[in-house]
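I have placed the structure first, in the form of structure tokens, so that the comments after it can refer back to it.
Index from 1, following the sequence. Here the structure is a predicted model, which is why all the values come from computation and not from measurement. These values consider heavy atoms only, across backbone and side chains, with no hydrogens, waters or symmetry-generated copies. Start at 1 and go down the list; that is how both ligands and their atoms are numbered.
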Amino acid sequence: MAPLLAPSLLAADFGRLSDETALLRTPGAADWLHCDVMDGRFVPNISFGLPVVEAISRSAGGLPLDVHLMIEEPGRYLDAFARAGATGLTVHYEACPHLHRVLEQIRALGCLSGVALNPHTPVAVLADIIADVELVLIMSVNPGFGGQNFIEHTYQKIAEARALIERTSARTGRPIRLQVDGGVGEGNIGRLVEAGADVLVAGSSVFGGGDPVAALRNLRRAAAEKQYQGQ
Ligand code: DX5
Ligand code: ZN
């Protein structure tokens, strides 16, 4: 699967959110829109919630809305985020004692079901749930804030997750996306694609330089030069 770019609106100018979102619809810019929802409990920061996701959805022009829930008890809010326009809902493994049920709920809502792993959570915890997952998100920073440094150990985790996904897809015939989030930029995107990532989230490297469309084109060029190297 060709790598997809999912700019994170956490790094956008919230005072001009509809303009920023509309800009990302420029051909060759975003493939998905990444929305970071934080509750001040699962992570030590509060970002935005349902009304803002709904506003982004109104300006998304049909781009998939990839909603990353960094919240406790995400099962209580799935229905509301789906109604707000989410097309994918990713919950944290660490926030879900009943992960299988939560993933079933996401699929029943017609959304792509994702599971995120914090930097300290091993890929191996997915062994008994991977066949029920449609997207694996490897966090390459501690969730909660944009603009942090990429954690180098992530390359190894991406490779492990890709190997698990390949084995699972060979058995089930279903594709599973592998997303990476945090500190992604032109300097590391190629190596992430080589390790097996196929959805790249980027916040500050897209919005930090003042020209998000140009930044996304550069990221896409850097990603397209590489491909998954296999095991
Ligand atoms: C971090 C969020 C990320 C964040 C990425 O908790 O999940 O999506 O916006 O921002 P950058 O690309 O600046 O690290
Ligand atoms: Zn995110």
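- In summary, the atoms of ligand 1 found under 4.0 Å from a heavy atom of V201, numbered by their order in the structure, are 8 (O).
- Ligand-side atoms of ligand 1 in range of P143: 6 (O), range being under 4.0 angstrom from any heavy atom.
- Residue contacts with ligand 1: M139 is placed with no nitrogen or oxygen under 3.5 Å of a nitrogen or oxygen of the ligand (distance criterion only).
- Within D181, the N/O/S atom positioned nearest the Zn ion (ligand 2) carries the name OD2.
- Two residues are said to be in side-chain contact when any heavy atoms from C-beta on lie closer than 4.5 Å; I46 and D39 fail this criterion.
- When hydrogens are left out, the protein atom nearest atom 1 (C) of ligand 1 is F145 O, 3.5 Å; that is the closest non-hydrogen contact.
- Annotation: G183 places an N or O atom under 3.5 Å from an N or O atom of ligand 1; distance criterion only.
- With rounding to the nearest 0.5 Å, the separation of CG in L216 from CZ in R221 is 11.5 Å.
- In the vicinity of G146, heavy-atom distances shorter than 4.0 Å reach the ligand 1 atoms 10 (O), 13 (O).
- Here the options are V37, N45, D36, the test is side chain to side chain contact (heavy atoms under 4.5 Å, CB included), and the partner is M70; only D36 passes.
- Selection from S204, A6, S8 by nearest heavy atom to atom 13 (O) of ligand 1 gives S204.
- Ring geometry, F14 versus F48: the interplanar angle exceeds 60°, so the pair is classed perpendicular (tilted spans 30 to 60°).
- Closest to atom 6 (O) of ligand 1, if we only count protein heavy atoms, is G144 N, 2.8 Å.
- Between T168 and I165 the shortest side-chain heavy-atom distance does not fall below 4.5 Å.
- When only interatomic distances are considered, the shortest N/O to N/O separation between S205 and ligand 1 does not fall below 3.5 Å.
- Checked against the Zn ion (ligand 2), the N, O or S atom of H68 at the shortest distance is ND1.
- Around the CZ atom of R107, the shell of radius 6.0 Å holds more than 12 heavy atoms that belong to other residues, nucleotides or ligands.
- Closest approach of P3 and L200 over heavy atoms only: CB-CD2, 3.9 Å.
- In summary, the atoms of ligand 1 found under 4.0 Å from a heavy atom of D181, numbered by their order in the structure, are 2 (C), 3 (C), 4 (C), 5 (C), 7 (O), 8 (O).
- What sits closest to atom 2 (C) of ligand 1 on the protein, heavy atoms only, is D36 OD1, 3.4 Å.
- Listed by number with element, the atoms of ligand 1 under 4.0 Å from a non-hydrogen atom of H34 are 8 (O).
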_Using the rule given for side chain to side chain donor-acceptor pair (under 3.5 Å), can you reason through S205 versus E186, listing the C-alpha separation, both sets of side-chain angles and the distance that settles it, and then say yes or no?_
CA-CA 8 Å; S205 67; E186 262 189 83; over 6 Å; no
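- Residue-to-ligand polar distances keep Q148 apart from ligand 1: every N/O pair is separated by 3.5 Å or more.
- Contact detail for P143 and V43: the closest heavy-atom pair is O-CG1, 3.5 Å.
- Note on D36: its N/O/S atom closest to the Zn ion (ligand 2) is OD1.
- Proximity to L10 (heavy-atom distance under 4.0 Å) selects the following atoms of ligand 1: 9 (O).
- Taking the side chain as every heavy atom from C-beta outward, L69 and L78 approach each other to under 4.5 Å.
- One finds a salt bridge joining D31 and R220 here, because a Lys/Arg side-chain nitrogen approaches an Asp/Glu carboxylate oxygen to under 4.0 Å.
- When the options A202, G208, G147, A12 are ranked by their closest heavy atom to atom 11 (P) of ligand 1, first place goes to G147.
- Proximity to M70 (heavy-atom distance under 4.0 Å) selects the following atoms of ligand 1: 6 (O), 7 (O).
- At least one N/O-N/O distance between H68 and ligand 1 falls below 3.5 Å.
- Look at G182 and you'll find a heavy atom under 4.0 Å from some atom of ligand 1.
- Counting heavy atoms from C-beta outward, M38 and L10 have side chains that approach closer than 4.5 Å.
- In terms of protein heavy-atom proximity, atom 12 (O) of ligand 1 is closest to G203 N, 2.7 Å.
- Atom CG of L65 and atom NE2 of H34 lie 10.5 Å apart (nearest 0.5 Å).
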